[in-house]
Number of protein chains: 2
Amino acid sequence: MTYSFADRVMALQPSAIREILKFTSDPEVISFAAGNPAPEAFPVEAIRAISADIFEHHPIEALQYSITEGYTPLRNTLKKYMSEKYDSVKDFDELIITTGAQQVMELTTKSLCNEGDTILCEAPSFIGSLNAFRSYGVNLRGIPVDNDGINLEALETALKEEKKAKFLYVIPNFQNPSGVTMSLAKRKAVYALAKQYGVMILEDNPYGEVRFAGEPLPNIKSMDEDGIVIYAGSFSKVISSGMRVGYAIAPTEVMQKIIVCKQVSDVHTTIWAQMVIDRFMTGGGFEAHLERNRGIYRGKCNLMIELMERHLPDSIRFVRPQGGLFLWCQLPDSIDMPAFAKRAVERYKVAVVPGNAFLTDESQPCNAVRLNFSTPTNEQMVKGMELLGKCFADFEA
Amino acid sequence: MTYSFADRVMALQPSAIREILKFTSDPEVISFAAGNPAPEAFPVEAIRAISADIFEHHPIEALQYSITEGYTPLRNTLKKYMSEKYDSVKDFDELIITTGAQQVMELTTKSLCNEGDTILCEAPSFIGSLNAFRSYGVNLRGIPVDNDGINLEALETALKEEKKAKFLYVIPNFQNPSGVTMSLAKRKAVYALAKQYGVMILEDNPYGEVRFAGEPLPNIKSMDEDGIVIYAGSFSKVISSGMRVGYAIAPTEVMQKIIVCKQVSDVHTTIWAQMVIDRFMTGGGFEAHLERNRGIYRGKCNLMIELMERHLPDSIRFVRPQGGLFLWCQLPDSIDMPAFAKRAVERYKVAVVPGNAFLTDESQPCNAVRLNFSTPTNEQMVKGMELLGKCFADFEA
């Protein structure tokens, strides 16, 4: 049979990142290309004990159908947490549990965007979100990212030009992949511009709790007096990525559409995972766990930077991230990035992600690569950075 | 702010079933309106032991990111099971794990259908699937269901008339809500017609393992020599609904699109749940568990039919189901169905689902109601059917 697919999926191409990840199934390859949390960051003992308790005392609740909006105790715990700690749940807002933050991107696009509408995003940005947007046939317009966040002039130009812009997608904390943190002044300016031009903001904050340097800055959602911000939160880098639990905070009117879309998508998120997370958050050890996690990532980030300074040429530029899992390295103009990434994985068996994978238009030139410091062991980092140094030497020779 | 939503979600209306379910939060209401598995059907002890073992020996695997296609051991277990027991995995097929079978409906529609395309479905049919289809702006064409399955003349007429038909959605075993099982002759005829008109089939089989009477019939997927059938399976009525684990079997070329759509939707399904199900299926007690389950549902179905015959008038017609969770009751023409359902819940505090909720066009007349026998306890069934009898008497007086 000759299959006929929807137009929206015909536009989805296998991405550059997938091509590189193919190599990482080779156990000899040291991968700086992933985005997995450090295994030692999972609170294994706590989850084991909580899970056993759930099956001892509430097995039916954990195994039966539940409501689309999420496990009520977890929703209440999160509302309190996000309200008291971050002032990010407004009177007009509702909070629901999603199957990872990825689902927030999917449901927001499905609820708000017709084919041919435009989504404004930072360029570079998180490829999983860009692909979720693309899967609804929308146009993406990329806005450059400066060292203190999205470029405001370019954003205002885009807001003026894009008559069908539905929302602006931003990752204000330790942006993936650039590592940049948006300044407070820019957060305020972004909110004001979005309000002025009647465009919503989708604020994605998967790494907010993984800040290991600098002072916390307010979420854009905390400034939302007008009901224009949809906030996406995640437990993937905080408790467990394999559990697939995230959450959305949005004005009730918007959330009603998101809930209908979630209902037809997966009915609800795995209830056991929601119960475990609620108990972990309320059990007394959550803040200590977050602090321990920050220590792990601070150590791994510092090690990678130290190794870069030792092995790689000074001509490489990067923003020292205040959190998250990634370093974004601008190669000197003299080096051809695609050739470098290819040689690194083929000759030296070290995988990095070519930066153009994160652009709204992958065919545009980009001379950066993304390095991940959370997944490799420290030993792998030591060896891998030494090998990357040799790869650079090949190009500079 | 005045929000502007996507056209596709503007068409989604709160359904009649939701209106009835509102009443069921009242603890005094006896609900025959749900679709939850019987709590006693969950293999609690086995899951408790398996889960403890996973956190003892493989905690990181259970908590870390995994691949979109699903946990490889479970995929292999299921491929073997569905191939050896049901001949439902062809050489050209791939099998992936989904976040419940609901996600198969969502991903299939997203992959195959443009707005304005048509999906053919049995009428009545499962409301969750109909709403997933509607959420992509497709047109639904309902085909009547006879006592031995979909009406073939109406199906052929629809196939001739609907030039933009993308697939036919059927539930051959103990169809929800009608309880009808499609005969073998009709399964063959449906396959032949779909092939002839170049339309795919989405075969949904959530209740196949809950057959408690009659002889098993081959899946339509087992007849698929031409790569035109997408099969949706579920563990919701077999192991646990709250775990949210289902699966899809489809020709590889189609599956590649479905996988891309799943990746942008939720990355992957909760890995712990996939690990638990794999171990339960391979641990040796699976067939005995299925047999025990069938006994539970056989008993509850027989009890409800016995109570109907005792308390309700003979003028009510229903097909005795060979499996599943539901009885579909055609009321006599003299009774106004919406008034009956309203009176039942308001005066007698017994909730039933008005049959029109399951039509492709809810505004069409329908004089049936759906009764669920899996969720209520036997005591609730005894009391509830007695009350429904009184409600009928009010109308016949």
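Most heavy-atom pairs under 4.5 Å with chain A, from the set A62(B), G35(B), P39(B): that is P39(B). Considering only heavy-atom pairs separated by less than 4.5 Å from chain A, the leading option among S236(B), A101(B), P37(B) is P37(B). Between chain B and the residues H268(A), E56(A), K195(A), the most heavy-atom pairs under 4.5 angstrom are made by H268(A). Per-residue heavy-atom pair counts under 4.5 Å with chain A were compared for L107(B), I228(B), T2(B), L112(B), and the maximum is reached by L112(B). Ranked by non-hydrogen atom pairs under 4.5 Å with chain B, the options L130(A), I239(A), D7(A) are led by D7(A). Ranked by heavy-atom pairs under 4.5 Å with chain B, the list Q103(A), M243(A), Q274(A), K110(A) is led by K110(A). Interface remark: of the candidates P59(B), S111(B), A52(B), S111(B) forms the most heavy-atom pairs closer than 4.5 Å to chain A. Among T270(B), T109(B), I54(B), the residue making the largest number of heavy-atom pairs under 4.5 Å with chain A is T270(B). Contact count against chain A (heavy-atom pairs under 4.5 Å) is highest for S135(B) among S135(B), A273(B), G137(B).
Of the atoms belonging to M105(A), not a single heavy atom falls under 4.5 Å from chain B. If you measure heavy-atom distances from S51(A) to chain B, the contacts under 4.5 Å come from the side chain alone. The contact between I47(A) and chain B is made entirely by side chain atoms (from C-beta outward), counting heavy-atom distances below 4.5 Å. With a 4.5 angstrom heavy-atom cutoff, E40(B) does not touch chain A via any of its atoms. For N114(A), the parts sitting under 4.5 Å from any heavy atom of chain B are the backbone and the side chain alike. Proximity to chain B (any heavy atom under 4.5 Å) is restricted, for K237(A), to the side chain, taken from C-beta onward. Contacts between T269(A) and chain B at a heavy-atom distance below 4.5 Å involve the backbone alone (N, CA, C, O). Using a 4.5 Å cut-off between heavy atoms, K166(B) touches chain A through its side chain atoms alone. For E61(A), no part lies under 4.5 angstrom from a heavy atom of chain B.
Residues D93(B) and K221(B) form a side-chain contact, since some pair of their non-hydrogen atoms from C-beta on lies under 4.5 Å apart. Counting heavy atoms from C-beta outward, M200(A) and Y169(A) have side chains that stay 4.5 Å or more apart. In this structure the side chain of F42(A) reaches within 4.5 angstrom of the side chain of I60(B), judged on heavy atoms.
Nearest heavy atom pair, residue L63(B) against residue I271(B), reads N-CG2, 4.3 Å.
When only modelled atom types and interatomic distance are considered, Y136(B) and E106(B) share a side-chain donor-acceptor pair under 3.5 Å.
Between F133(B) and F126(B), a ring centre-to-centre spacing not shorter than 6.0 Å is recorded. For an aromatic pair to be called close, the ring centres must be under 6.0 Å apart, and F280(B) with H289(B) satisfies this.
Applying the salt bridge (Lys or Arg N to Asp or Glu O under 4.0 Å) criterion to E45(A), with sequence neighbours excluded, gives R48(A).
Looking only at distances, no side-chain donor or acceptor of D266(A) sits under 3.5 Å from a matching main-chain atom of R244(B). Looking at Y191(B), its side chain does come within 3.5 Å of a backbone N or O of E225(B) through a donor-acceptor pair.
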May I have the list of side-chain donor-acceptor pairs in residues 250-261 of chain A shorter than 3.5 Å, sequence neighbours left out?
from: T252(A); atom 1: OG1; to: F92(A); atom 2: O; distance (Å): 3.0

